[in-house]
Trainee: 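First the structure, then my questions, so here it is.
Values below: every heavy atom of this structure, side chains too, minus hydrogens, waters and symmetry copies.
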Amino acid sequence: MECNFTQDNCKSGDAMHYRKVSDSIFLNIFFNEYNKLKISKELSNIDVRLKIFIHHNNKKVDTLCLGENYGIIKNGIKMNDSKVFLNLIKTKINYESVFNDPMEEYKKAMEEELK
């Protein structure tokens, strides 16, 4: 499954933003959720809004593509959705959604998962 996301995909006036994350506490939580991702049987496409490059210690680089509200592609393979994972990332990068506060969405997703 393709994960096409370039400056050309952006609407007029939109810009791509880059951020390197090295916060060890966040990375521990991130990899805990990342390792929970399972392959999806669903083949639908997603509207990619976030693209993440994960640089491992062995120099391997994984690519994650995420939709604004749903959809995860890991190295070209569609994964099951994880609201906790998506909202964790959106909170860390201060992703501003027009309709929702990412921190509130993250808290709700965590509460749902703990039930």
Side-chain angles (χ1 to χ4, degrees):
M1 179 166 277
E2 290 187 35
C3 177
N4 295 325
F5 184 81
T6 65
Q7 184 69 41
D8 295 336
N9 295 88
C10 296
K11 296 176 187 168
S12 179
D14 287 350
M16 292 178 70
H17 302 277
Y18 300 89
R19 183 168 186 180
K20 180 178 180 177
V21 178
S22 55
D23 170 7
S24 63
I25 294 171
F26 172 80
L27 289 174
N28 283 334
I29 297 168
F30 175 90
F31 281 111
N32 183 50
E33 295 300 323
Y34 177 77
N35 290 327
K36 291 180 186 177
L37 295 175
K38 303 290 182 208
I39 295 173
S40 174
K41 294 179 182 177
E42 187 180 312
L43 297 176
S44 62
N45 290 325
I46 66 171
D47 182 11
V48 176
R49 301 301 175 111
L50 302 166
K51 191 168 189 176
I52 300 168
F53 298 101
I54 302 164
H55 297 266
H56 298 278
N57 289 336
N58 63 2
K59 299 188 180 184
K60 177 184 171 198
V61 178
D62 286 339
T63 303
L64 275 181
C65 295
L66 299 102
E68 183 172 23
N69 296 306
Y70 64 90
I72 300 172
I73 299 172
K74 176 182 169 185
N75 296 327
I77 300 169
K78 182 112 178 357
M79 308 304 280
N80 288 331
D81 279 331
S82 169
K83 286 185 180 183
V84 170
F85 189 57
L86 177 60
N87 289 316
L88 172 73
I89 294 164
K90 287 168 71 173
T91 299
K92 181 63 178 178
I93 64 170
N94 298 318
Y95 183 91
E96 293 185 29
S97 173
V98 175
F99 303 106
N100 300 312
D101 174 10
M103 190 61 184
E104 284 302 312
E105 292 297 313
Y106 173 68
K107 288 177 186 175
K108 286 180 194 174
M110 286 299 294
E111 289 170 4
E112 287 176 20
E113 186 174 274
L114 294 174
K115 290 181 182 178

Trainee: With a cut-off of 6.0 Å (strictly less than), are more than 12 heavy atoms of other residues, nucleotides or ligands near OH of Y70?
Mentor: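 No, the 6.0 Å shell around OH holds no more than 12 heavy atoms from other groups.
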
Trainee: As a quick check of understanding, evaluate side-chain contact (heavy atoms from CB on, under 4.5 Å) for K92 and D23, giving each step before the final call.
Mentor: CA-CA 10 Å; K92 181 63 178 178; D23 170 7; 3.2 Å; yes

Trainee: Side-chain contact test, heavy atoms from C-beta onward, threshold under 4.5 Å: evaluate it for F53 versus K20 and give yes or no.
Mentor: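 A side-chain contact under 4.5 Å is absent here.
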
Trainee: Test of understanding: clusters of I, L, V, M, F, W, Y form through side-chain heavy atoms closer than 4.5 Å, transitively. Do I54 and V61 belong to the same one?
Mentor: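 No: no chain of side-chain contacts under 4.5 Å links I54 to V61.
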
Trainee: Measuring only between side-chain heavy atoms, which start at C-beta, is L66 closer than 4.5 Å to I89?
Mentor: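 Counting from C-beta outward, L66 and I89 do come under 4.5 Å.
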
Trainee: Roughly how far apart are I46 CD1 and N69 CG, rounded to 0.5 Å?
Mentor: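 The CG atom of N69 is 11.0 Å from CD1 of I46, to the nearest 0.5 Å.
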
Trainee: So which heavy atom on N80 is nearest to which on I72, and how close?
Mentor: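 Looking at all heavy atoms of both residues, the shortest contact is O-CD1, 3.8 Å.
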
Trainee: Are I93 and F85 connected, step by step, through hydrophobic side chains (Ile, Leu, Val, Met, Phe, Trp, Tyr) whose heavy atoms are closer than 4.5 Å?
Mentor: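 They do share one cluster, since a chain of ILVMFWY contacts under 4.5 Å joins I93 to F85.
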
Trainee: Check whether any side-chain heavy atom of L86 sits under 4.5 Å from a side-chain heavy atom of L50, and report yes or no.
Mentor: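 Yes - at least one pair of side-chain heavy atoms lies under 4.5 Å apart.
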
Trainee: Do D47 and E68 have side-chain heavy atoms sitting under 4.5 Å apart?
Mentor: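 SC-SC contact between D47 and E68 ruled out.
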
Trainee: If we only count heavy atoms from C-beta on, is the S82 to L37 side-chain gap below 4.5 Å?
Mentor: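 Yes, close enough: below the 4.5 Å cut-off.
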
Trainee: Given side chains that start at C-beta, do those of K78 and S44 come closer than 4.5 Å, heavy atoms only?
Mentor: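 Contact flag for K78/S44 side chains = yes.
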
Trainee: Hey, could you give me the CD1/OG1 distance between I77 and T63, rounded to the nearest 0.5 Å?
Mentor: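 It comes to 11.5 Å.
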
Trainee: Under 4.0 Å between a Lys/Arg side-chain N and an Asp/Glu carboxylate O for K83 and D81?
Mentor: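 Salt bridge: no.
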
Trainee: Got a second to check how far H56's NE2 is from F31's CZ, nearest 0.5 Å?
Mentor: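 So the gap between those two atoms works out to 5.5 Å.
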
Trainee: Flag the pair M79 / S40 as yes when at least one side-chain heavy-atom distance between them is below 4.5 Å, and no otherwise.
Mentor: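 Side chain of M79 against side chain of S40, heavy atoms only: no contact under 4.5 Å found.
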
Trainee: Would K74 pass as a cation-pi partner of Y34, given that its NZ or CZ must be under 6.0 Å from the six-membered ring centre and within 45 degrees of the axis?
Mentor: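 Yes; both conditions hold, so K74 lies above the ring face of Y34.
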
Trainee: Is the CG atom of N57 crowded by more than 12 outside heavy atoms at less than 6.0 Å?
Mentor: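 No.
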
Trainee: Kindly give the heavy-atom pair with the smallest separation between L88 and F30, and that separation in Å.
Mentor: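 Scanning both residues completely, I find the closest heavy atoms to be CD2-CA, 3.8 Å.
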
